[in-house]
Peer 1: 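What follows is a single structure, and I will ask about it in a moment.
Note on naming: letters A, B, ... go to the chains in the order of the sequence lines (proteins, then strands), and numbering restarts at 1 for each one.
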Amino acid sequence: MKKASIIMIIGSLLLLGLFKFPLWNIMLGAPQYPDPLGMNIYIDGIKGVSEFDLQNIDGLNHYIGMKTIPKAGEMWEFSMFPKVIFGMALLGIIIGVLGFLDKVSYKFFLGWFILMSVLGILGMYDFNNWLVDYGGNLDPHAIIKVTNPDGSPMSYKPPLIGFKKLLNFDVTSLPHTGGYLMFVGMSLTLVAFWLGRKTSVKKTT
Amino acid sequence: MKNIITSSIAMLVILIGFTSCNKGNNSGGKSGALASNVAERVYVAPGEYDSHYAFLSGGYSGNVTVYGLPSGRMFKEIPVFSQFPTSGYGYSEETKPMLNTSHGFIPWGDAHHPDISQSKGELDGRWLFINENNTPRIARLSLTTFETEEIIEVPNSAGNHSSSFVTENTEYVVAGTRFSVPIPQRDMPIKDYKGNFQGALSFISVAPETGNMDIKFQILMPGFNYDLSHPGRGKSHGWFFFTTYNTEEASTLLEVNASQNDKDFIAAINWKKIEDYVNNGGGTMIPANYAHNVYDDETHTATSTMKKEVRVVNPIDVPGAVYFIPTPKSPHGCDVDPSGEYIVGNGKLSANLTVHSFTKMLDAIEKEKFAGEAYGIPILNFEDVLAGVVEQPGLGPLHTEFDGKGNAYTTFFISSEVVKWKLGTWEVIDRKPTYYSVGHLTIPGGNSGKPQGKYMFAMNKITKDRYLPTGPEMEHSAQLYDISGDKMELLLDFPTHGEPHYAAAMEASIIKEQSQKIYKLADNKHPYAAKSDADTKVVREGKEVHIYLTTIRSHFSPDNIEGIKVGDKVYFHVTNLEQDFDVPHGFAVIGQNNSELLVMPGQTKTSVWEPKQVGVWPFYCTDFCSALHQEMQGYIRVSAADSDTPIKWSLGEDIE
Ligand SMILES: [Cu+2]
């Protein structure tokens, strides 16, 4: 159980990587942008991969009537996410320490994982909603209007994950370092649960 | 009688010229498999880069053109001494001061010899220097922004030809006068030239960090013509060599009268000795009047300052600093090999090429073996300094460059060829025709201690029959040779712009890496910059109106302006808000008497417009910037001089 608790603590600590590394990355390449434009999504705001990428993405997007990329103060998520991540990391560490001291059972590890997964899914859901709004809620006075074959206005929503062609742009959306650290951290808490369960089963038999 | 002599000389030269052209045509042609192999060697596939930058002077265009090697593609023309409506250089309020001189605003120049800055004898790719011949000036260009950053006028000089070559750590760039003149200038009979005119050789210091130039001293030499020059390097670092002609000191019909002496001189100058002398208070400050123009990258603005004195040095006051080396006959080019030992004096009327030895020169000086003196300056014995002679290599030698492998390459104007010969043995190894009448040649790094000798290109004065004709005038032609093997191979003809005299070239890597892509808007310190649409405004100050205008794809802000009156002086201060590589916007307004502007991302430029007619006049972007470029336009309303239309500006709304 001591080993499992240490892994639980390490897993929770890995969440803190999100305060330094971006969670997600979206790259936009096109023939006239041989060096693709890109945005890194952090839990507290969006930054360009290169210094002027956001300005240049906004500059391009204004033709099709997309809103500008939100600044940190313009979305409640960017003040809420850091609190949630910090809280979950702290909770995980507390559970781990208590597990180490045999004050709580390994089942709390799974509980933390399920709670984190639910929050993560909610986060992804929220992120996707934002992408839908960002890509589809277009200025009716936009200069360029492109419609789908059925006549409905085209959405410029970037993919939640993976690759998509948007007009002449190749758009790739993937987790970034902070995201990977979080996934590894969450997996470690599952491992902690499995290890904890193994040791406790051994004890009882 | 004199006329008969000159015309028969001309006939002779023309005949020689023609025969050599024919010879060249017969031996030059290669076809089939070999030709396609050559094509591959100059072909740079789409999306790939040339291996070298080449900077060619534009001669009478006053500018510098940037080429890629081996493709021979022209990438850019950089305005230096001439107004350039393509970008507004010399027309915009910010750049007009760059063309200020003691003779007032001079909108053109005759640019001759570019040279890249060096550190420890190697090209460092920081700056490019180039001289202006007609109104003596030296310019410094940044190889980060590819813009002209500084121009200094050279007083007491006339025909600034033996320039602008730099010493091996860019301590100095020189500006040697071609024409000797009365110093100080005064009203005197021209026939009294001899003994009364002087030639100023100017040593311009270059600040190591900023590159800022300052005339440290001028050496007032006898009244010869100082044609070309080169710095010593390696063992001869600290010396500078200048060819002379017209040691006869004639002032009329120089074609004949300056060609009488069997030998002219190479002036060898120990500049370190003179620098010491000057640092210890030597020399005399004399009144002068010359412009020093500096462009600031952050205000995007040049300022011109008139300087009022200059330090001059009489060479006989610094014993051991200046010597004359006799050199046959009317030498033109003066070229020093990478080791610094050999000084090649190309006597353009001599049948042979003369090479002097620096070691022998020092030896003769030490033993005080002098043949005499001229105006108090010791003349060395020709034989004492001679390293060797390249016998009968061609007709009309002009310039020599080196490959760093012990070989020299000399251009021959009259016989239209480049001749490769070996240093030390003085034997001719190879010769290749040029098309036609070659002037300078360039090997990348050829004017440094470390030539980067894969390519050599020759700059020709006559182009006929090489390209599709374009009327009586054709652009001059350059020719690229591969010099990596024993024999030179002609790879490519490519047209050049203006009249390239000399070129400086180097491997692309250093320059490419440091190339600046935008000006940061945050660093823009232009006093009239508008860094966002919120900063845009129109301000009347008496009869002057200042419009703080911004550009971004694809609109101006403001785009409706009212309250301007006939007789106003309207300043359009245009700031480009883009922060994206290679996205300039243009600005033009109907009836503009100067030029349009091309404003780089993050930059501010100003055009003055003086409306003379009442009306509503359009302005627009001249650079196709985006899909909505055509819509990038605005209107400015001009009312009668006595009207009371108030100043108003707007974007995205109707003015009420
Ligand atoms: Cu434009």
Peer 1: Is it the side chain or the backbone of B/Ile518 that comes within 4.5 Å of chain A heavy atoms, both, or neither?
Peer 2: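 B/Ile518 touches chain A through side-chain heavy atoms alone.
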Peer 1: So with a 6.0 Å cut-off around NZ of A/Lys165, is the heavy-atom count from everything else above 12?
Peer 2: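 Counting other residues, nucleotides and ligands, NZ of A/Lys165 exceeds 12 neighbours.
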Peer 1: Evaluate whether atom OH of A/Tyr125 has more than 12 neighbouring non-hydrogen atoms of other residues, nucleotides or ligands under 6.0 angstrom away.
Peer 2: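 Counting other residues, nucleotides and ligands, OH of A/Tyr125 stays at 12 neighbours or fewer.
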Peer 1: Is there any residue in residues 43-73 of chain A with a non-hydrogen atom under 4.5 Å from a non-hydrogen atom of chain B, and which ones are they?
Peer 2: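 Within residues 43-73 of chain A, the residues that come under 4.5 Å of chain B (heavy atoms only) are A/Glu51, A/Phe52, A/Gln55, A/Asn56, A/His62, A/Tyr63.
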Peer 1: Highest number of heavy-atom pairs under 4.5 Å with chain A: which of B/Lys520, B/Glu631, B/Glu578?
Peer 2: B/Lys520
Peer 1: Assess whether atom CD of B/Gln630 is packed by more than 12 heavy atoms of other residues, nucleotides or ligands within 6.0 Å.
Peer 2: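 Result for CD/B/Gln630: open.
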Peer 1: Can you tell me if B/Lys76 has over 12 outside heavy atoms packed within less than 6.0 Å of its NZ?
Peer 2: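 Counting neighbours around NZ of B/Lys76, more than 12 heavy atoms of other residues, nucleotides or ligands fall under 6.0 Å, so yes.
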Peer 1: List the residues meeting ring pair (Phe, Tyr, Trp, His ring centres under 6.0 Å) with B/His526, not counting sequence neighbours, and say none if there are none.
Peer 2: none
Peer 1: Could you list all the ring pair (Phe, Tyr, Trp, His ring centres under 6.0 Å) pairs where at least one residue sits in residues 5-39 of chain A, not counting sequence neighbours?
Peer 2: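 Qualifying pairs: A/Trp24-A/Phe127.
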Peer 1: Tell me which donor-acceptor pairs under 3.5 Å the side chains of residues 106-124 of chain A have, and how far apart each pair is, sequence neighbours excluded?
Peer 2:
| residue | atom | partner | partner atom | Å |
| --- | --- | --- | --- | --- |
| A/Trp112 | NE1 | A/Met88 | O | 2.8 |
| A/Ser117 | OG | A/Phe113 | O | 2.8 |

